[in-house]
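All remarks here apply to the structure that follows.
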Amino acid sequence: MKKTVNLTAILLLLATLLVACRSTAVSSQSSSESTEGKKTITVGFSQLGAESDWRSTNTESMLTALSEENGYTLIYKNGQQKQANQITALRMFIQQDVDYIVLAPETETGWDFVLQEAKDAGIPVIIVDRRVDVTDRSLYTCWVGSDFELEGQKMAAWIHDYTTMQNIAPEDIHIVHIQGTLGSTAQLGRTRGLTNAVREYGWDLLAQESGDFTEVRGKEVMAEFLRQYDNINIVYCENDNEAIGAIEAIEAAGKKVGSNIAAGEIMVVSFDGINEKAMDYLKEGKISCIAECNPLHGPRVQDLIEMIEAGETPAKYNYVNETLFSSVSEIKQVTVDGKSYEVTLVN
Ligand code: AHR
C-alpha cells in the first residue's frame with residue numbers, strides 16, 4: 001500500500017513538473033541543435049499577460065508558429081501584466097543567449113535600458129502588437145501589429161456617419177469612454193481616435209476611465225458611469241471584453257443596449273472582433289460596431305525571422321490590414337483622411 005502511494009506521489013510530482021516546464025519554457029533547450037541534429041532557432045518570447053480573449057488567441061498563434069515542428073526552440077514567458085516581469089524575462093533571454101527576442105510590451109515607455117542590453121549582446125529584437133517608445137529606434141529590429149489610431153479613427157467615422165444618418169445632433173451625443181490599459185499603444189491610439197472626433201464634431205464626452213481591457217473592470221467602470229450620468233447614449237469600449245462587462249452593467253441597471261438611440265437605447269461600440277460572445281452580441285445588435293484588431297501575429301513574426309535569417313532587412317514597421325464589423329446595414333464604408341474603408345456586415 002505504502003509503495004503504491006509513493007509511486008502515485010512520484011508520478012504526480014513528475015506530471016506537475018512537466019506542466020510547470022511548459023508554462024515557462026515551451027522548450028528549455030537553448031542550444032541551436034535539435035535532438036535530430038537539425039539547426040533550430042532559439043526565440044525568447046515575452047508576452048505581456050492574459051487580460052483578454054484577444055491576448056489568449058495571440059499567445060496561441062505565437063506558440064503554434066514558433067513551434068519545434070517549424071524549427072524553433074521557444075522560451076515563453078508570461079509577464080502577468082507587469083513590465084518588471086517582462087524586463088526580467090528579457091534579461092534572462094539575454095543570459096541564455098537566444099537567437100531572437102520577441103517582445104509584446106504592456107506599455108510603451110521604460111524599455112530603453114533593457115533593449116540596449118539586448119543590442120549590446122547582439123540579439124535582434126522583434127516588437128509585436130503594441131509599440132515601444134525609445135529614444136534610439138535601432139534598439140529593435142522591427143515591429144508588427146495594428147494601426148491602433150486608425151482603428152479609433154474608423155470607429156469615430158462610423159459613429160459620425162451613423163448618428164448623422166439618424167439625425168442626432170452632435171450636442172445630443174453623450175459618450176462614456178472605457179479605456180484600455182493606460183500607456184499601452186492600443187489605448188493611446190484608440191483614445192486619440194475618439195478625442196479628436198469629439199473636438200471636431202462637438203460631441204459630449206461625459207467621462208473616461210480605464211477598464212484595463214478586462215470584462216470585470218469594464219463592468220465596474222460602466223456601473224459607476226451609470227450611477228453618475230443618466231443621459232449616456234454611447235459607450236466607447238476599447239476592447240470586446242470591456243464591452244461584454246459594460247453590457248452586463250447596463251442590463252443590470254434595467255436599461256437596453258442597441259443602436260436605436262432615439263428610442264432610449266444605449267449604443268455600445270468596441271474593438272477586436274475575436275471574442276465569440278462579442279460577435280454574437282454584434283449579430284443580436286447589442287454591440288453596434290467592432291473595429292477589428294487582428295491577433296494572429298505568430299506567422300507574421302515567423303516570416304520576419306525567416307527574412308532576417310535569409311540576410312534580408314524587413315521593413316521597420318509592418319501594419320496589418322483590418323476591417324470594421326457591424327450589423328447595421330446602412331453604413332457600408334467609412335472615410336478617414338480621404339481614404340475609404342469597407343465595413344464588413346455581420347448578420
Ligand atoms: O494590444 C491589443 C489589445 O490588447 C487588444 O485590443 C486587447 O483586447 C488586448 O488586451
Side-chain angles (χ1 to χ4, degrees), residues 13-14 16-35 39-51 55-56 58-145 181 183-185 295 297-298 300-302 304-306 308-309:
L13 185 68
L14 278 175
T16 315
L17 280 173
L18 264 174
V19 171
C21 285
R22 168 152 173 95
S23 67
T24 53
V26 170
S27 167
S28 60
Q29 197 176 0
S30 57
S31 88
S32 59
E33 294 290 317
S34 77
T35 38
K39 196 173 181 325
T40 66
I41 299 169
T42 304
V43 176
F45 170 43
S46 167
Q47 175 62 285
L48 65 95
E51 72 287 358
R55 188 66 50 200
S56 313
N58 174 250
T59 302
E60 204 47 53
S61 168
M62 300 291 289
L63 298 192
T64 307
L66 304 178
S67 62
E68 237 174 282
E69 302 87 79
N70 290 344
Y72 292 89
T73 296
L74 181 65
I75 308 169
Y76 164 65
K77 281 280 177 190
N78 179 337
Q80 318 275 1
Q81 254 66 44
K82 286 192 179 65
Q83 186 181 38
N85 291 344
Q86 291 201 275
I87 291 175
T88 305
L90 260 55
R91 292 208 163 112
M92 191 194 86
F93 299 153
I94 295 168
Q95 265 177 19
Q96 289 175 308
D97 196 24
V98 297
D99 298 316
Y100 292 86
I101 288 176
V102 178
L103 169 67
E106 163 107 65
T107 48
E108 290 195 347
T109 55
W111 299 102
D112 296 74
F113 288 117
V114 73
L115 291 186
Q116 183 66 56
E117 290 165 33
K119 189 179 176 188
D120 293 346
I123 302 172
V125 176
I126 297 173
I127 310 289
V128 64
D129 174 28
R130 302 172 187 175
R131 297 246 197 146
V132 291
D133 179 7
V134 284
T135 37
D136 175 4
R137 287 178 190 193
S138 77
L139 294 185
Y140 59 92
T141 306
C142 55
W143 164 88
V144 61
T181 302
S184 67
T185 317
H297 296 319
R300 295 176 186 127
V301 170
Q302 194 187 344
L304 290 169
I305 293 177
E306 276 163 22
I308 301 168
E309 286 290 299

Across all chains, not counting sequence neighbours, the side-chain contact (heavy atoms from CB on, under 4.5 Å) partners of Glu309 are Ile41, Tyr100, Ile305
Looking only at heavy atoms, the pair that brings Ala104 and Phe45 closest together is CB-CE1, 4.1 Å
Check: Are any non-hydrogen side-chain atoms of Gln302 and Asn70 less than 4.5 angstrom apart?
Finding: yes
Exercise for the section: Taking Ser61 for its side chain and Gly298 for its backbone only, find out whether a donor-acceptor pair lies under 3.5 Å. Expected result: yes
Taken to the nearest 0.5 Å, the spacing of Thr185 OG1 from Glu108 CD works out to 3.5 Å
By side chain to side chain donor-acceptor pair (under 3.5 Å), Ser184 pairs with (sequence neighbours left out) none
Taking every heavy atom of Ile75 against every heavy atom of Met92, the minimum-distance pair comes out as CG2-CE, 4.0 Å
Distance col, row Ile127:CD1 vs Leu103:CG, nearest 0.5 angstrom, shows 4.5 Å
Check: residues 112-125 side-chain donor-acceptor pairs under 3.5 Å, at least two apart:
| residue | atom | partner | partner atom | Å |
| --- | --- | --- | --- | --- |
| Asp112 | OD2 | Thr135 | N | 3.1 |
| Asp112 | OD2 | Thr135 | OG1 | 3.1 |
| Gln116 | NE2 | Asp120 | OD1 | 3.0 |
| Glu117 | OE1 | Arg91 | NE | 2.7 |
| Glu117 | OE2 | Arg91 | NE | 3.3 |
| Glu117 | OE2 | Arg91 | NH2 | 2.8 |
| Lys119 | NZ | Ser138 | OG | 2.8 |

Minimal heavy-atom distance between Gln81 and Ala50, with the atoms involved, is OE1-N, 3.4 Å
Distance col, row Asp129:CG vs Leu48:CG, nearest 0.5 angstrom, shows 7.0 Å
So, the side chain of Asn58 versus the backbone of Pro295: is there a donor-acceptor pair under 3.5 Å, distance only?
yes
Taken in chain and number order and not counting sequence neighbours, the residues that satisfy ring-ring contact (aromatic ring centres under 6.0 Å, His included) with Phe93 are none
With sequence neighbours left out, the residues meeting side-chain contact (heavy atoms from CB on, under 4.5 Å) with Gln83 are Ile87, Thr107, Trp111
Rounded to the nearest 0.5 Å, the CD atom of Gln47 sits from the CD atom of Gln86 at a distance of 7.5 Å
Of all heavy-atom pairs linking Pro105 and Val132, the shortest is CG-CG1, 3.9 Å
Sorted by chain and residue number, the side-chain contact (heavy atoms from CB on, under 4.5 Å) partners of Thr64 (sequence neighbours excluded) come out as Glu60
Contacts satisfying ring-ring contact (aromatic ring centres under 6.0 Å, His included) that involve residues 120-143 (not counting sequence neighbours) are Trp143-Tyr319
**Asked** Does the pair Ile308 and Thr141 meet the rule for a side chain to side chain contact (heavy atoms under 4.5 Å, CB included), with working shown?
**Response** CA-CA 9 Å; Ile308 301 168; Thr141 306; 3.9 Å; yes
Across all chains, not counting sequence neighbours, the salt bridge (charged side-chain N to carboxylate O under 4.0 Å, His left out) partners of Arg130 are Glu51
With sequence neighbours left out, the residues meeting side chain to side chain donor-acceptor pair (under 3.5 Å) with Glu106 are none
Checklist entry - Hey, does Leu74 have a side-chain heavy atom less than 4.5 Å from the side chain of Thr42? => result no
The reported gap from NE2 in His297 to CG in Leu304 (rounded to nearest 0.5 angstrom) is 11.0 Å
